[in-house]
Amino acid sequence: MVPVRAPELAVPASVPYSFSSQPRLLPPRPKYRPRQQANAAPREKSPVHHCNIMIDPRVVRGNVLSVPPPPPQIIHPSTLGVKRHRRAQKLAKRLTEEQIRPGTPEPVKGREHVYVQTELYLEEISDRIIEIDGECQTDEFLDRPPTPLFIPAKTGKDVATQIEEGELFDFDIEVKPILEVLVGKTVEQALLEVMEEEELAQLLSHQRAFAELRNAEFAELQRLEEQDRRIREEKERRRLEHLEKLRKQKETAEKIAARAFAQRYLADLIPSVFNNLHDSGFFYDPVERDIETVFLPWLMSEVEETLQKKILGRTMLDSLIRVVVEKRLDEFRHSPPSDQKEAPAEEPGATDGAPEVSGEADAADEPVAEEEETDQPVAEEQPTDFISSQLEEQGQEATADLETE
Amino acid sequence: MAQPRISAYLPPDTDPTKAALAFGRRALPKLNEELQSPELLTQQRALMALCDLVHDPEKVYQAIALGFLDSLKTLLGHQDQTVRQKATEVLSVMASHSIGREGLIRSGVISALAGLLDDPVDICRKNIHQTFDMLAKLPQGAGGVLQAGLIPPLVLKLKTELDEIQELILDTLSNCLRVEVSEALEAGAVTVLKEKLSHPSTAIRSKAAWVLLEISSHAEGKMAMCNEEVIPVLLSLLEDTQPEVQENSAGALMFALVTPQGRSSAMGAEAIPPLLTLVAEETSKARLNAIKTLTLLAELPEGRQTLLAHRDTFLRGLDDPSEAVQRAAEIAITVIDWKP
């Protein structure tokens, strides 16, 4: 006998069924029936074994939303016998259903069976579901147009309130903070502006100070530059002057040295020049020159003349003697006198000195005379003066003799 | 809904003359597109909004990166004067930031602005000159102004412009002429500046003296100063009532007297007494410059003689709080005591 639930619980569901309990782990269901134990104690569920929730038949499987939940069981659904019973029922039902509907006979030969839809509206049966892609895109951001003026329609009732003087607020007290803020903000803004201007003025004055310093330094720089330039120019000028002075000094020294040297060099120039000139005969005593040029040539020419005369005389004498000798020779040949030969032998010995001079012109001299001439030229040279004077006398005598003849 | 709590945010800025600003990063690109739109009103409103934005350095950086300068350059030639005025204002505010200055120099805005020097509207010209002034404070900016060949037109403008603008021009010139001076001399700057030295306005006199100082720091400038006989005028300015004028004219003299001709002309014009008064005055700003000028004069023999008598003035300068003045006084004493 299964326990019967209380009658109020058997009311058909007007409120959807709900059940809740504290979650607890379900005890496992062993795979095999446990062996009948000897003590045949009522089988209790052994909570030690845990079971997989996926194969737990107690968990509702399948669509839970469309199928109406089974009405609440009168019996507790967890008894094993009931479960077995229900399973058997299900199986029987399935078998009967299958048996009720006979299958279609096999097709006749030559024909084919085709499945055809016979409902009112045909259905396309296909695996593939028709899909259509659609997309949408937001527009580029436009400027938000100005909101149109929205004045909501008047709804509701108008209610008015009358406020008496002094009820709502006290002006004097309320206005203070407002005024404070107003004045404060204005003053603050004014201060900011004034500070900005002051800052600008400070910056400007700072700039001016810097510019002043810069200008002063610059002017100093230029002054020093100018000074430097002047000093450099001055130095340059002085240096050039000094150089000029040195150069002039050097030149003067050189000039002096040159002068001294020239003086010394030319010191004995004059004497030597005079000497040279003197030696080359430029300075002559006119009387001496005169004597030399005029007198002496004349003298020499006179002497020469005289000598020529003497030579002439001697030549004459020679020719005379020759004639005489030839004559005597002829005479001797005819009658050989020996003492007359001695006499002309002295004379030809004496007169041979004279025809030396004329011996050159006289080519018909005898070889005896020539020998005598060669023997006696040395001896004859010395006493030429003496002989010349003798010959002179003899020549004079000969001429006198000739003249007298 | 009104609350008794005071909001921390400023009230909403609903100026109808300004274009609406897009949010965040889109603000400047949108303004750029609006600037290029053909409608005049859009352009004007965009320019007004841009003027306010450009006070922020980050916006300046972004604007330059986006290429605003090209659109602004195109707008400079617009017929409408508001557009031109605002465009020049934007450029002048950009030039007050360092990023803006670099961007302006790189993109060659200087030559574009040069075309507007003869603009009939005063504010445009003033903004242009302000831009030049800020740009010339940078060395590259000064170089850019010189390369754009702006010096001769600026010098010419000095003769004809309004006083405020003349001050700006003088500032620009002073920064540019520090670099190179030949173009200005050819344009006859020294003559123009000599006239300006006798202008009634203090600022113009002092700035003109400053420009002369920069000119005479170059060698050709010194020659020009001697030729144009500016030194006597500067000497008369030494007795001016305003300290800046005194200071600047003493500075100009300081540079001009480096040349021998300058020195002799200064001695001829009796330069020493006013300079000595300037040095003796304890609070004068011109002390440094005056001491330097006297040092230069002391290198001449006559100057040295005269200054030997006033040696104690320089000794007092040694106790001056400013270090530069002390050094200058020491150098002056060394020069005075020098014996050949």
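All values reported here derive from a predicted model rather than from experimental measurement. What you see below is based on every heavy atom in this structure, not just the backbone, and it leaves out hydrogens, waters and symmetry mates. Chain letters run A, B, ... following the sequence lines, proteins first and then strands; every chain starts at 1.
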* To do: Could you check A/R229, A/E225, A/E226, A/Q227 and say which one makes a side chain to side chain contact (heavy atoms under 4.5 Å, CB included) with B/V258?
  =>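 Among the candidates, only A/E226 passes.
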
* Structure fact -> Nearest heavy-atom approach of A/Q222 to B/S217 is NE2-O, 2.7 Å

* What pair of heavy atoms forms the shortest contact from B/F255 to A/N215, and how long is it? ->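 That would be CZ-O, 3.3 Å.
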
Options [options], ranked by heavy-atom pairs under 4.5 Å with chain A, top entry:
options: B/P260, B/G251, B/A328; value: B/P260
options: B/R178, B/E214, B/K137, B/K30; value: B/R178
options: B/N248, B/T293, B/L257, B/T295; value: B/T295

* What part of A/R144 is in contact with chain B, defined as an atom under 4.5 angstrom from a non-hydrogen atom: side chain, backbone, both or neither? -> neither

* Asked: In terms of heavy-atom pairs under 4.5 Å with chain B, which of A/E217, A/Q207, A/R223 leads?
  -> A/R223

Just wondering, are more than 12 heavy atoms of other shown residues or ligands nearer than 6.0 Å to [atom1] in [X]?
X: A/Q117; atom1: CD; result: yes
X: A/L240; atom1: CG; result: yes
X: B/E58; atom1: CD; result: no
X: A/E197; atom1: CD; result: no
X: A/I53; atom1: CD1; result: no

* To do: Salt-bridge test for A/E220 and B/R327: reply yes if a basic N is under 4.0 Å from a carboxylate O, no otherwise.
  => no

* **Atom group of B/I291 that falls short of 4.5 Å from chain A, counting heavy atoms** => neither

